[in-house]
2 protein chains.
Amino acid sequence: MDHQFPKTVTRQELLFEDSDAKFRKLLYEITALADRVETMRATFARHFGITRPQYNILFYIAQHQRDVGLTTGQVATALRVSSPHVVQEVNQLVRVNLIEKSPNPDDGRSVLLRVSERGFVMIDDLAPTLRDVNDRLFQSLSKSEFDQLCTLVATILEDAEGVISKLPVD
Amino acid sequence: MDHQFPKTVTRQELLFEDSDAKFRKLLYEITALADRVETMRATFARHFGITRPQYNILFYIAQHQRDVGLTTGQVATALRVSSPHVVQEVNQLVRVNLIEKSPNPDDGRSVLLRVSERGFVMIDDLAPTLRDVNDRLFQSLSKSEFDQLCTLVATILEDAEGVISKLPVD
DNA sequence: ATAATAAAATTATGTAAGTTTATTATCTAT
DNA sequence: ATAGATAATAAACTTACATAATTTTATTAT
């Protein structure tokens, strides 16, 4: 009658006093942390009068356009969303003059996306707030802890891709 | 004409060669990792014939109901979603006999949720797969790295709550 | 050079995962 | 006994996507 939840991990390195509680807490906290980060982005987005996906697209382009800009497809692939979604959100950003579209001289089917002058003004306006928030978010980390965290997260993310590519179900 | 993206962090501990690139990569990878974890959960959910939010609710209850069960409101608060959403998804789970509702003897307004016998059978069926996936997801971590990661993530999550509670915008 | 095929963006439509608002029943404090 | 507060729920709405179909332009094979 009184079921106990089965263990979700077997590696000894991940168990404490034979319990996977700490491991489950970590998994929960990783997703919770990502959720908080997206909450912050949603707040910044609202401050700009745009939505969270629009904010993510705008900032991705701002950080990765060089001189040439990015295509719709590049943005969709990088953010792991569909092209129609990028088209839809970018059109909203074009309407409020935060993104500019121009034809791709190398490919007549393609379009190049760049953040507008106004877009960069808004980003520059937000930057001090962003620095304040990020400094506080990572206030407790020493340089070596930051390095460790970067390495650990990168490693696990890589392993996650491998795991997903051959999930034993579905 | 050629705008450069402003720095998003100032702490020296988080900068490399005066660039915040590594920091931005970390933030990106944290959300990417959480996204991959949710992708895995969605796959397990599909295998059960339920949705990802249903899976998350089912597993939260399975792990936290003791003898007594959990109320709708407790689940909503813990998972940070609205009560109506929990009601909706739990009703689906009741329909397929994975969750059982019972009146709360201590409060006539309230309802107690528990995973059904069939629910635990499904969870026990999935457990070996879950262990395999989790072992592989964290295959690269030593015990001390796992400990460090737990501490770092918990610390940052705590700081994140503080940051959100007093965001300088909105 | 032309025909077939592929690729990029877009339009239209659909859906999953939530939210907000309103209602009802019960509880708590005066 | 009454006046709020709280728990669950129902109904309606919204957001953040995806899928399918279409158009235009490129590429490849003949």
Inset, instruction - Report yes or no: do B:His64 and B:Gln74 form a side-chain donor-acceptor pair below 3.5 Å? - result: no
Inset, instruction - Quick one: label A:Pro84 by what it contacts on the DNA or RNA (base, sugar-phosphate, nothing), any heavy atom closer than 4.0 Å. - result: base
Inset, instruction - Give the minimum heavy-atom separation between A:Leu98 and A:Met122, together with the two atoms involved. - result: CD2-SD, 3.1 Å
Inset, instruction - Give a yes/no on whether any side-chain N or O of A:Thr51 is located under 4.0 angstrom from OP1 or OP2 of D:dA16. - result: yes
Inset, instruction - Give the rounded distance in Å between these two atoms: CZ of A:Arg46 and P of D:dT15. - result: 12 Å
Inset, instruction - Measure distances between side-chain N and O atoms of B:Arg109 and base N and O atoms of D:dT6, and say whether any donor-acceptor pair falls under 3.5 Å. - result: yes
Legend entry - Distance, rounded to the nearest Å, where B:Glu89 contributes CD and D:dA10 contributes C1': 15 Å
Inset, instruction - Anything under 30° is parallel, anything over 60° is perpendicular, the rest tilted; go ahead and classify B:Phe48 against B:Tyr55. - result: tilted
Inset, instruction - Would you indicate which nucleotide in C:dA9, D:dA7, C:dG18 comes nearest to any side-chain atom of A:Thr71? - result: C:dA9
Legend entry - Interatomic distance, B:Ile57 CD1 vs C:dA16 C1' [rounded to whole Å]: 13 Å
Legend entry - Mate of D:dA3 where both pairing distances stay under 3.5 Å, Watson-Crick or G-U: C:dT28
Inset, instruction - Specify the separation, in whole Å, of atom CD1 of B:Ile50 and atom P of C:dA16. - result: 14 Å
Inset, instruction - Once you apply the 3.5 Å cut-off to both distances, tell me the Watson-Crick or G-U wobble partner of D:dT30, or none. - result: C:dA1
Inset, instruction - Let me know the distance between CG of B:Leu79 and P of C:dT19, rounded to the nearest Å. - result: 11 Å
Inset, instruction - Report the residue (A:Leu112 or B:Asp106) whose heavy-atom-nearest nucleotide on DNA chain C is the more 5′ of the two. - result: A:Leu112
Inset, instruction - With the side chain of A:Val111 defined as its heavy atoms from C-beta on, choose the nearest nucleotide among D:dA8, C:dA17, C:dT10. - result: C:dT10
Legend entry - N or O in side chain of B:Ser82 less than 4.0 angstrom from C:dT19 OP1/OP2: yes
Inset, instruction - Report yes if at least one side-chain N or O of A:Thr72 is closer than 4.0 Å to OP1 or OP2 of C:dT10; otherwise report no. - result: yes
Inset, instruction - Describe the nucleic acid contact of A:Asn104 in one word from base, sugar-phosphate, nothing, applying a heavy-atom distance below 4.0 Å. - result: nothing
Legend entry - A:Ser110 side chain near D:dT25 phosphate (N/O to OP1/OP2, under 4.0 Å): no
Legend entry - A:Gln92 CD - D:dT15 P separation (whole Å): 11 Å
Legend entry - Closest to side chain of A:Gln88, choosing from C:dT10, D:dC17, D:dA8: D:dC17
Inset, instruction - Map A:Asp107 and A:Val81 onto DNA chain D by nearest heavy atom, then report which one ends up closer to the 5' terminus. - result: A:Val81
Inset, instruction - Starting from P on C:dA8, measure out to CG on A:Leu70 and report it in whole angstrom. - result: 14 Å
Inset, instruction - Applying salt bridge (Lys or Arg N to Asp or Glu O under 4.0 Å), run through A:Arg95 and A:Glu89 and close with a yes or a no. - result: CA-CA 10 Å; A:Arg95 230 162 270 148; A:Glu89 300 305 320; over 6 Å; no
Inset, instruction - Decide yes or no on ring-ring contact (aromatic ring centres under 6.0 Å, His included) for B:Phe23 and A:Phe138, but give the supporting numbers first. - result: CA-CA 10 Å; B:Phe23 172 81; A:Phe138 287 78; 5.1 Å; yes
Inset, instruction - On DNA chain D, check which nucleotide each of B:Gly73 and A:Gly108 is closest to and give me the residue with the more 5' one. - result: B:Gly73
Legend entry - Presence of B:Lys101 side-chain N/O under 4.0 Å of D:dA7 phosphate oxygens OP1/OP2: no
Legend entry - A:Phe16 six-ring face occupied by B:Lys143 cation (under 6.0 Å, within 45°): yes
Inset, instruction - Measure from CD on B:Glu38 to C1' on D:dC17 and round the result to the nearest Å. - result: 15 Å
